[in-house]
Asks: 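One structure, as structure tokens, below. Some questions next.
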There are 2 protein chains.
Amino acid sequence: MTVTPERPLRADAARNRYALLKAASEEFAAHGLDASVADIARRAGIGKGTVFRHFSTKDDLLAAVVIDRIDGLGLLARDLLTAPDPGAALLEFMEAAAGRQRQLDLSFLRDAHSVNDLLDDTRSELFTAITALVERAKDAGAIRPDITGMDVILLMCAPNHVVSFVPDAPPDLWRRYLGIIFDGLRPEGARPLPAAS
Amino acid sequence: MTVTPERPLRADAARNRYALLKAASEEFAAHGLDASVADIARRAGIGKGTVFRHFSTKDDLLAAVVIDRIDGLGLLARDLLTAPDPGAALLEFMEAAAGRQRQLDLSFLRDAHSVNDLLDDTRSELFTAITALVERAKDAGAIRPDITGMDVILLMCAPNHVVSFVPDAPPDLWRRYLGIIFDGLRPEGARPLPAAS
DNA sequence: ACTCAAACGGACCGCCCGGTCAACTTGCTA
DNA sequence: TAGCAAGTTGACCGGGCGGTCCGTTTGAGT
């Protein structure tokens, strides 16, 4: 979580919390939503009870991990709003999003819906930043005019999912599919699209 | 299953088997791999024990459902090999694939790996048909030359996954993303791609 | 050094899952 | 219509899950 606790954590508790978040991130990356709390605790080297002392629910723990990622992406998106080349900035953002997601399939965003208010807030901040990035790229003529921020949000998740079907994929295979998808966003040779959501 | 049983099924057994496959397809579509055998049985109006009489394992039941879908796609792909416009044929195939998958997220193809030999065979038949479809579209100049059959196989799954993030998506939103992705396959404005798998 | 709230850990609980089984029912055949 | 194999059923089992609880340990203030 990003909220500052009223009283600072005890030294060992802070250490454990950090190890727990790291272990949870790795374990969720490896096994998706099916990762068990017991396995996460074992990987972090702490007892299962300690997990629930830090996060009252498995969903809360998941939300904390996700918020971390989303927060980082939001920061990057806001940074890139001042980059010189708007088209390159959007591509760089989508590359970063795909690259980080490689560790953590974002499909729980669908399942972990409004489980946690802080998560909802962080996510909508990310969404507005991405929309601004997209508008800027459209104004520069780098992508076709019928693309929305939501399109980018949805499509930036695709490369990792696509690659997850390949058993022994090289670690940067996702770049190939991001390349294809981003080419589909370009104005050249674009066909009219069905209505947006 | 497509294999003909040595002795024909009794009338009630055949009825139950049909209802079971239908229920399983619907339940897997609704809840993914987490659909429980008990729920499937209830939806089919039969006892849980009967499920395991027809399919010795939950994975076997899943495989039977998947084989059904894959088989239909393979037939379509082979049909489209003689269509007049190779580019339109490929697009039509990808549309059919996305449209049918809407009922059944294909992500279990990754998880249900080599669980069932018949599934593996059916799947590789589909793969060769798709590759032929792609080669034909490339020769006609309808898609860029650096696309492989595997690319199409992977990308045709993407629109549904992408749309699944949208809570109340209109039922044909996937067409929008298939449109973008297919535009990314076209020769116009294509950028060089990282190496294939 | 003493104290005690804070933090820890793992046995434990209830639940639900996939899969089994033996008693029961039913459709085919003669 | 009688007999029997084929089919059905739901109670039941072992196991793993998320979450609880309380006896124990530990770090920080004095």
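All values reported here derive from a predicted model rather than from experimental measurement. Chain identifiers are assigned alphabetically (A, B, ...) following the order of the sequence lines, protein sequences preceding nucleic acid strands; residue numbering begins at 1 within each chain.
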Asks: Between Asp39(B) and Arg15(B), who's closer to the 5' end of DNA chain C by nearest nucleotide?
Replies: Asp39(B)
Asks: Looking at His54(A), does any N or O in its side chain come under 4.0 Å of the phosphate oxygens OP1/OP2 on dC8(C)?
Replies: yes
Asks: Can you find a donor-acceptor N/O pair under 3.5 angstrom joining the side chain of Lys48(B) to the base of dG19(C)?
Replies: yes
Asks: Touch check for Ala35(B), heavy atoms < 4.0 angstrom, all strands: base, sugar-phosphate only, or nothing?
Replies: sugar-phosphate
Asks: Does a side-chain N or O of Asn16(B) approach OP1 or OP2 of dT8(D) to a distance below 4.0 Å, or not?
Replies: yes
Asks: Quick one: Leu61(A) CG to dG19(D) P, roughly how many Å, whole number?
Replies: 10 Å
Asks: Looking only at the side chain of Ile46(B) (C-beta and beyond, no hydrogens), which of the listed nucleotides dC8(C), dT9(D), dT8(D) gets closest?
Replies: dT9(D)
Asks: Is it the case that dA6(D) (base atoms only) and Arg10(B) (side chain only) share a donor and an acceptor within less than 3.5 Å, ignoring hydrogens and angles?
Replies: yes
Asks: By nearest heavy atom, map Gly49(A) and Ser36(A) onto DNA chain D; which one lands nearer the 5' end?
Replies: Ser36(A)
Asks: What is the distance from CG of Leu9(B) to P of dA6(D), rounded to the nearest Å?
Replies: 12 Å
Asks: Please tell me which of the listed nucleotides, dC8(C), dG18(D), dG19(C), lies nearest to the side chain of Lys58(A)?
Replies: dG18(D)
Asks: In whole angstrom, what separates Arg42(A)'s CZ from dG18(D)'s C1'?
Replies: 14 Å
Asks: Once side chain to side chain contact (heavy atoms under 4.5 Å, CB included) is applied, do any residues pair with Phe182(A), and if so which ones, sequence neighbours excluded?
Replies: Leu90(A), Leu91(A), Met94(A), Ile143(A), Leu185(A), Arg186(A)
Asks: Start with the C-alpha distance between Asp39(B) and Arg42(B), add both sets of side-chain angles, then the distance that settles salt bridge (charged side-chain N to carboxylate O under 4.0 Å, His left out), and finish with yes or no.
Replies: CA-CA 5 Å; Asp39(B) 284 348; Arg42(B) 202 171 307 122; 2.9 Å; yes
Asks: In whole Å, what is the span from the CD1 atom of Ile40(A) to the C1' atom of dG16(D)?
Replies: 15 Å
Asks: Rounded to the Å, how far apart are Leu33(B) CG and dC16(C) P?
Replies: 21 Å
Asks: Atom NE2 of His31(B) and atom P of dC16(C): how far apart are they, to the nearest Å?
Replies: 15 Å
Asks: With a 4.0 Å limit, can you tell me whether Ser56(B) has a side-chain N or O closer than that to the phosphate oxygens OP1/OP2 of dG19(C)?
Replies: no
Asks: So, OP1 or OP2 of dG18(D): does either fall under 4.0 Å of a side-chain N or O from Thr57(A)?
Replies: no
Asks: Pair Asp120(A), Arg123(A) - check salt bridge (charged side-chain N to carboxylate O under 4.0 Å, His left out), show working.
Replies: CA-CA 5 Å; Asp120(A) 285 351; Arg123(A) 180 164 46 185; 2.9 Å; yes
Asks: Counting only side-chain nitrogens and oxygens, does Thr50(A) get under 4.0 Å of the OP1 or OP2 atom of dA7(C)?
Replies: no
Asks: Assess the residue pair Arg191(B) and Glu188(A) against the criterion (salt bridge (charged side-chain N to carboxylate O under 4.0 Å, His left out)); give the C-alpha distance rounded to whole Å, side-chain angles, the decisive distance to 0.1 Å, and a yes or no.
Replies: CA-CA 11 Å; Arg191(B) 261 66 164 184; Glu188(A) 304 95 340; 3.8 Å; yes
Asks: Quick one: which of dC8(C), dG18(D), dT9(D) gets closest to the side chain of Phe52(A)?
Replies: dG18(D)
Asks: Which heavy-atom pair separates Gly149(A) from Ile130(A) by the least distance, and what is that distance?
Replies: O-CG2, 4.1 Å
Asks: Atom CZ of Phe55(A) and atom P of dA7(C): how far apart are they, to the nearest Å?
Replies: 13 Å
Asks: Just call it for Ala41(B): base, sugar-phosphate, or nothing, with non-hydrogen atoms closer than 4.0 Å on any strand.
Replies: nothing
Asks: Nearest of dT8(D), dC8(C), dT20(C) to any side-chain atom of Ala13(B)?
Replies: dT8(D)
Asks: Testing the 3.5 Å rule here: is there a donor-acceptor pair between the side chains of Tyr177(B) and Asn160(B)?
Replies: no
Asks: Hey, is the side chain of Arg53(A) poking within less than 4.0 Å of OP1 or OP2 on dA7(C), counting only N and O atoms?
Replies: yes
Asks: Using whole Å, report how far CG of Asp34(B) lies from P of dC17(D).
Replies: 13 Å
